[in-house]
Enquirer: 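First the structure, then my questions, so here it is.
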Amino acid sequence: QVQLVESGGGLVQAGGSLRLSCAASGRSFSSYAMGWFRQAPGKEREFVAGINLSGSSTSYADSVKGRFTISRDNPKNTVYLQMNSVKPEDTAAYYCAARMLIYSYTWESYNYWGQGTQVTVSS
């Protein structure tokens with residue numbers, strides 16, 4: 001079992017930066033690949049970024065590539081999402097998720113989810 005708690009969301013102006021954190025508790029955090037997803041009102045949940053067990057491999061949605069960075073600190077059981085040059089279209093609830101071994105682009109394949117943190121970007 002893994003429990004995930006996101007933090008760091010809030011209101012930010014377009015062009016600004018925000019860093020989201022996801023703290024994990026439970027066993028063997030380093031055995032879980034991690035993903036960040038987001039969901040805007042009336043839209044489906046979408047993949048934002050994924051990271052492998054060691055942090056050596058990452059993947060991003062085209063819409064955030066070059067602006068967002070996912071990273072992890074295994075001794076601290078935490079995964080981060082650094083969001084730079086944010087845009088109003090980045091406004092959404094952001095969720096971190098965990099699944100064994102390999103990250104996935106589909107939210108249905110993740111076993112554990114946090115409660116989400118709201119990010120609102122003003123223009």
Side-chain angles (χ1 to χ4, degrees):
Q1 290 282 346
V2 176
Q3 293 80 42
L4 303 173
V5 179
E6 300 98 335
S7 61
L11 176 64
V12 60
Q13 287 190 333
S17 297
L18 210 58
R19 189 175 82 155
L20 306 183
S21 300
C22 173
S25 60
R27 300 187 298 174
S28 303
F29 174 72
S30 59
S31 298
Y32 291 88
M34 302 297 296
W36 283 99
F37 290 76
R38 67 186 181 187
Q39 188 167 19
K43 294 188 176 181
E44 292 191 355
R45 191 167 298 192
E46 64 175 0
F47 173 82
V48 175
I51 191 166
N52 70 344
L53 304 184
S54 67
S56 62
S57 175
T58 58
S59 183
Y60 298 92
D62 287 343
S63 59
V64 306
K65 199 171 294 182
R67 300 188 296 121
F68 291 9
T69 302
I70 187 172
S71 62
R72 66 190 297 163
D73 187 335
N74 284 346
K76 293 185 178 179
N77 284 7
T78 303
V79 63
Y80 304 97
L81 185 68
Q82 178 67 45
M83 306 169 61
N84 297 331
S85 302
V86 296
K87 305 174 181 180
E89 50 264 44
D90 294 322
T91 295
Y94 283 72
Y95 300 88
C96 68
R99 70 188 301 268
M100 292 295 290
L101 301 179
I102 303 172
Y103 61 79
S104 169
Y105 301 99
T106 58
W107 67 266
E108 297 93 336
S109 65
Y110 285 78
N111 306 106
Y112 304 103
W113 289 87
Q115 82 291 347
T117 186
Q118 179 66 35
V119 172
T120 303
V121 182
S122 62
S123 56

Enquirer: Answer whether the closest heavy-atom distance between the side chains of R38 and V119 falls below 4.5 Å.
Expert: no
Enquirer: Check whether any side-chain heavy atom of M83 sits under 4.5 Å from a side-chain heavy atom of V12, and report yes or no.
Expert: no
Enquirer: Taking the hydrophobic residues Ile, Leu, Val, Met, Phe, Trp and Tyr, and joining any pair whose side-chain heavy atoms are under 4.5 Å apart, which ones share a cluster with Y103?
Expert: F37, F47, Y95, Y105, W107, Y110, W113
Enquirer: So which atom in A24 and which in V2 form the shortest heavy-atom distance, rounded to 0.1 Å?
Expert: CB-CG1, 4.1 Å
Enquirer: Over all heavy atoms of both residues, which pair between Y112 and L4 is shortest? Give the atoms and the distance, please.
Expert: O-CD1, 3.6 Å
Enquirer: Say whether, by atom type as modelled, one donor and one acceptor occur between the side chain of T106 and the main chain of E108 under 3.5 angstrom.
Expert: no
Enquirer: Output the distance between atom CG (L20) and atom CH2 (W36), rounded to the nearest 0.5 Å.
Expert: 4.5 Å
Enquirer: Less than 4.5 Å apart, any side-chain heavy atom of Q13 and any of V86?
Expert: no
Enquirer: For L81 versus A49, what's the shortest heavy-atom pair and its separation?
Expert: CD1-CB, 4.2 Å
Enquirer: Is any side-chain heavy atom of R67 closer than 4.5 Å to one of Y60?
Expert: no
Enquirer: If I compare all heavy atoms of V121 with all of T91, which pair ends up nearest, and what's the gap?
Expert: N-OG1, 2.9 Å
Enquirer: How many angstroms lie between CD in E89 and OG in S123, if you round to the nearest 0.5 Å?
Expert: 10.0 Å
Enquirer: Could you give the distance from OG1 (T69) to CZ (R19), rounded to the nearest 0.5 Å?
Expert: 11.5 Å
Enquirer: Decide if atom CG of L11 counts as having more than 12 heavy atoms of other residues, nucleotides or ligands within a radius under 6.0 Å.
Expert: yes
Enquirer: According to a 4.5 Å side-chain heavy-atom criterion applied to Ile, Leu, Val, Met, Phe, Trp and Tyr, with indirect links allowed, do V48 and Y80 form part of one hydrophobic cluster?
Expert: no
Enquirer: Quick one, N52 and S54 - any side-chain contact, counting heavy atoms below 4.5 Å?
Expert: yes
Enquirer: Restricting to non-hydrogen atoms, name the atom on L18 and the atom on G10 that form the minimum distance, rounded to 0.1 Å.
Expert: CD2-N, 4.0 Å
Enquirer: To the nearest 0.5 Å, how far apart are SG in C96 and CZ in R72?
Expert: 11.0 Å
Enquirer: CG/N77 to CD/Q3 distance, rounded to the nearest 0.5 angstrom?
Expert: 11.0 Å
Enquirer: Of the non-hydrogen atoms in I70 and G50, which two are nearest, and what is the gap between them?
Expert: CG2-O, 3.6 Å
Enquirer: Just jot down the ring-ring contact (aromatic ring centres under 6.0 Å, His included) partners of F68, sequence neighbours excluded, or say none.
Expert: none
Enquirer: Is any side-chain heavy atom of S30 closer than 4.5 Å to one of L53?
Expert: no
Enquirer: Can you check whether Q115's main-chain N or O pairs, donor with acceptor, with E6's side chain at less than 3.5 Å?
Expert: yes
Enquirer: Only counting residues at least two apart or in another chain, list the ones meeting side chain to side chain donor-acceptor pair (under 3.5 Å) with K65.
Expert: D62
Enquirer: Is any side-chain heavy atom of Y32 less than 4.5 Å from a side-chain heavy atom of N111?
Expert: no
